[in-house]
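Heads up, the thing below is written out as structure tokens.
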Number of protein chains: 4
Amino acid sequence: MSEPAPATTVGATPGDWRQIEPTPLPVTLSAAKDAFHDRGFHGTSIRDIAARAGVSLPTLYYHHENKQGILVALLEAGMNSVLGRVRAAIADATTPTEQLSNAIEAIVLHMTADLELASVARELRYLDHDNPHRQHYVGMRTEVEDLLDDILRRGIASCDFHVDGDARELLRYLLGACQEVTTWYHPSGARSPAQVAASYAATSLRAVGAGPTTNV
Amino acid sequence: MSEPAPATTVGATPGDWRQIEPTPLPVTLSAAKDAFHDRGFHGTSIRDIAARAGVSLPTLYYHHENKQGILVALLEAGMNSVLGRVRAAIADATTPTEQLSNAIEAIVLHMTADLELASVARELRYLDHDNPHRQHYVGMRTEVEDLLDDILRRGIASCDFHVDGDARELLRYLLGACQEVTTWYHPSGARSPAQVAASYAATSLRAVGAGPTTNV
Amino acid sequence: MSEPAPATTVGATPGDWRQIEPTPLPVTLSAAKDAFHDRGFHGTSIRDIAARAGVSLPTLYYHHENKQGILVALLEAGMNSVLGRVRAAIADATTPTEQLSNAIEAIVLHMTADLELASVARELRYLDHDNPHRQHYVGMRTEVEDLLDDILRRGIASCDFHVDGDARELLRYLLGACQEVTTWYHPSGARSPAQVAASYAATSLRAVGAGPTTNV
Amino acid sequence: MSEPAPATTVGATPGDWRQIEPTPLPVTLSAAKDAFHDRGFHGTSIRDIAARAGVSLPTLYYHHENKQGILVALLEAGMNSVLGRVRAAIADATTPTEQLSNAIEAIVLHMTADLELASVARELRYLDHDNPHRQHYVGMRTEVEDLLDDILRRGIASCDFHVDGDARELLRYLLGACQEVTTWYHPSGARSPAQVAASYAATSLRAVGAGPTTNV
DNA sequence: TATGAATGAGCATTCATTCAT
DNA sequence: TATGAATGAATGCTCATTCAT
């Protein structure tokens with residue numbers, strides 16, 4: 001039911017969480033990814049995707065149940081990518097400070113290395129609320145959030161971080177800043193994914209009141 | 001060409017930038033605002049809007065040139081609101097630290113006080129690139145950015161802020177965190193607009209390396 | 001929501017149940033009637049109907065909710081016609097024999113006078129089982145059946161009719177013979193609607209064992 | 001070109017025309033039979049049939065030229081069945097009265113014993129008019145009609161039957177009543193195929209004005 | 001025999017928009 | 001001001017059918 005392209009599985013890339021290659025995707029999903037990035041879910045027609053992919057319309061439907069199915073596949077691919085990166089990034093460090101820095105770096109690398117795929121996350125709102133895959137996706141997203149939340153709480157408890165507000169709101173702040181990267185970043189711009197990631201990590205450390213480990 | 005509802009004009013509300021009433025809007029725009037918030041620009045049909053507003057389709061076209069025109073009107077209303085707030089907020093303070101705090105607070109109040117209107121900003125990507133109003137809108141947005149950028153640069157120069165990265169990227173970080181508020185905030189939740197705004201201001205000050213002026 | 005054409009209402013034509021004019025119908029329904037007669041419900045495309053009616057596709061949808069809605073409208077129009085005829089035909093007689101004769105005549109006149117409309121009844125099976133109008137339609141059909149069934153039972157009780165089988169099955173026999181008229185009758189053939197109706201009435205009287213009141 | 005299932009050939013079952021087993025059919029035709037019965041020819045997709053039969057789509061095409069070919073196969077199977085039954089039923093009797101009774105009984109047994117197959121006859125209208133098998137099928141149907149017509153004429157001539165109308169129209173009446181059995185009969189209902197068949201035979205005899213040979 | 005993969009043409013339906021009134 | 005009625009173009013999706021394997 002799916003094209004013979006390497007599906008990224010969760011945590012499949014433990015060592016190379018800093019890698020900046022876009023997630024390999026079958027041609028139809030790759031086309032859909034670009035189309036959704038450019039025009040949004042509702043602004044993209046199934047014909048746009050087929051044309052971009054260079055396949056016929058029924059072929060698209062042979063590989064995917066429907067438009068929502070394509071969205072699901074992309075959302076999951078993207079989430080697998082971040083989740084894998086974040087897990088590996090955290091496992092790569094020990095102190096809360098290093099772990100947070102690594103995690104933010106991982107997230108921003110995800111955003112910049114595969115801008116189009118990462119931006120699809122914003123189309124989650126158009127996934128039918130009764131779609132059976134929604135729950136799974138949200139579960140994975142929650143795991144990412146929980147991983148970060150845990151670091152935050154440990155860092156606060158250990159006085160590595162100095163904040164006086166709501167930890168959950170702080171988490172939203174950090175994740176929000178990262179998520180928005182997809183709206184302004186462009187690979188042809190002056191800054192490399194690694195540079196942006198490092199910069200965002202540094203700013204995030206300051207935002208949580210961590211000591212000056214900053215470097216850009 | 002527009003319904004007899006009070007159009008907010010730029011800087012019209014200098015004193016009450018902390019006010020939390022939604023921008024008053026004619027019924028058609030109010031309906032469109034909610035519809036765009038719920039289903040996005042392309043996911044909303046002109047009929048949806050008319051039905052929500054309780055008017056007929058031709059009536060909608062009497063008040064607005066077309067669907068893009070409705071989007072423009074909402075974008076401008078939203079931008080007028082933030083711009084007015086931010087200007088007033090900055091004018092209300094003197095030091096870079098206070099000014100940044102006030103500005104972030106103003107922006108977040110805008111996001112939380114009129115969630116639906118603020119969220120429409122994200123639909124700018126669907127405004128035709130050759131639409132004559134686009135330039136004007138982007139100009140206003142640039143003004144907001146420039147106001148913030150100026151504070152940042154002054155704060156860095158005066159050693160009120162301590163950062164070593166790219167100032168423009170730092171600005172994107174801060175604005176990104178604020179913009180994302182519309183994706184998670186809900187008025188019926190535990191936190192009031194004022195609380196979120198204060199918390200975001202405090203985190204932002206830490207993010208720019210300002211001294212501990214935090215309060216939540 | 002419906003075109004300005006005279007909708008036949010139940011029992012609206014008490015005196016002229018022998019009239020042989022097709023039920024007047026708005027152009028879209030008339031086109032649909034012919035199309036469904038020729039190609040069946042599923043064999044007819046909404047475009048076929050629009051083309052036959054000489055209207056555009058959206059115009060069709062302006063007047064009818066969807067394809068099922070067109071089917072419903074036709075089914076109801078047809079059933080209104082028979083029900084009205086049958087009621088009047090029965091009221092026009094007193095003895096079971098005369099009443100049955102009149103009723104069969106009325107039904108066959110309905111079948112022959114508006115062949116296409118009558119034949120649509122067979123498409124009921126394609127009306128969604130959860131369509132809210134289905135119940136109403138079936139209720140009307142049941143009324144026709146009950147009217148006939150009542151005549152049958154009274155005729156048997158009064159020894160006007162002589163049968164020894166199941167009365168309900170006998171009813172099905174009679175109605176089946178009448179319903180099938182739409183599959184072979186053609187207005188350009190040798191026999192007029194009145195002739196076929198009289199002949200079917202006579203045969204039906206024999207089928208229920210009524211005395212020789214036959215005439216063709 | 002056809003699956004290894006016993007194809008019923010004309011007149012192959014002279015002795016057991018009262019048998020009530022469904023005609024044995026290869027799995028693909030059996031699936032198609034049910035599908036056509038449920039949803040009609042145009043309401044059934046080739047995929048529906050393949051899915052019901054549990055075979056792949058190309059496999060279906062291996063066994064049948066196309067969708068029309070499946071329809072032809074079912075029409076012929078059904079017609080073979082009635083024709084065989086009717087021939088045998090008539091050969092089983094001598095007087096017009098007994099022959100008509102037997103023939104009607106045979107036809108109704110065909111309708112009730114294999115409801116789905118019998119109902120496919122109604123889809124003849126969707127068989128392309130230039131399909132080479134159409135002529136053959138219609139020829140067989142005409143033979144059934146002629147067999148009945150002959151009985152009718154002999155019965156009238158011999159004064160076994162007493163009718164004063166058009167004999168061909170009377171034939172249509174009888175066949176119509178029988179054909180409609182497929183629209184209301186259900187095997188799980190109160191009446192057995194034999195009961196319905198006997199009842200219909202009795203009613204038919206009365207309808208042709210035969211003396212009281214009725215029995216149910 | 002059997003099937004995974006493909007497609008041109010068509011499906012029912014909805015889109016943004018207009019116009020006569 | 002307001003609207004009933006209309007439409008060309010597009011929407012997501014499915015159709016019967018084929019072909020390489």
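Just so it is clear: chains get the letters A, B, ... in the order the sequence lines come, proteins before strands, and each one is counted from 1. Because the structure is predicted, anything quoted here is derived from the model rather than measured. Scope of the values below: all heavy atoms of this structure, side chains included, with no hydrogens, waters or symmetry mates.
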* To do: Evaluate the side-chain proximity of C:His133 to C:Gln68: yes if any heavy-atom separation is below 4.5 Å, no if none is.
  => no
* **Side-chain donor/acceptor of D:Arg39 to backbone N/O of D:Ser45, under 3.5 Å** => no
* Would you please confirm or rule out a distance under 4.0 Å between OP1 or OP2 of F:dG4 and any side-chain N or O of C:His63? => no
* **Proximal nucleotide (of E:dT14, E:dA6, F:dT3) relative to the C:Pro58 side chain** => E:dT14
* Structure fact -> B:Thr59 has its side chain closest, among E:dA12, F:dT17, F:dA2, to F:dA2
* **Heavy-atom side-chain proximity of D:Glu116 to D:Leu25 below 4.5 angstrom** => no
* **Rounded distance in Å - CG (D:Asn66) to P (F:dC15)** => 16 Å
* If only atom types and distance count, is the side chain of D:Thr44 paired as donor or acceptor with the main-chain N or O of D:Ala35 below 3.5 Å? -> yes
* Once you round it to whole Å, what is the distance between P of F:dT18 and CZ of D:Arg47? -> 13 Å
* Quick one: label A:Ser45 by what it contacts on the DNA or RNA (base, sugar-phosphate, nothing), any heavy atom closer than 4.0 Å. => sugar-phosphate
* Side chain to side chain, B:His63 and B:Val55, heavy atoms closer than 4.5 Å -> no
* **Separation of atom CD1 in A:Ile46 from atom C1' in F:dT14, rounded to whole Å** => 13 Å
* Rounding to a whole Å, what distance do you find between C:Leu57:CG and E:dA16:C1'? -> 16 Å
* Once you round it to whole Å, what is the distance between P of F:dA5 and OH of B:Tyr61? -> 19 Å
* Please report, rounded to the nearest Å, how far the P atom of F:dC13 is from the CG atom of A:Leu71. => 12 Å
* Which nucleotide, in any strand shown, forms a Watson-Crick or G-U wobble pair with F:dA20, with both distances under 3.5 Å? -> E:dT3
* To do: Mind calculating the distance between OH (B:Tyr62) and C1' (E:dT17) to the nearest angstrom?
  => 18 Å
* Structure fact -> Of C:Asp48 and A:Ser56, the one whose nearest nucleotide on DNA chain E sits closer to the 5' end is A:Ser56
* **Atom pair distance, as rounded to whole Å: NE2 in B:His64 and C1' in E:dT17** => 15 Å
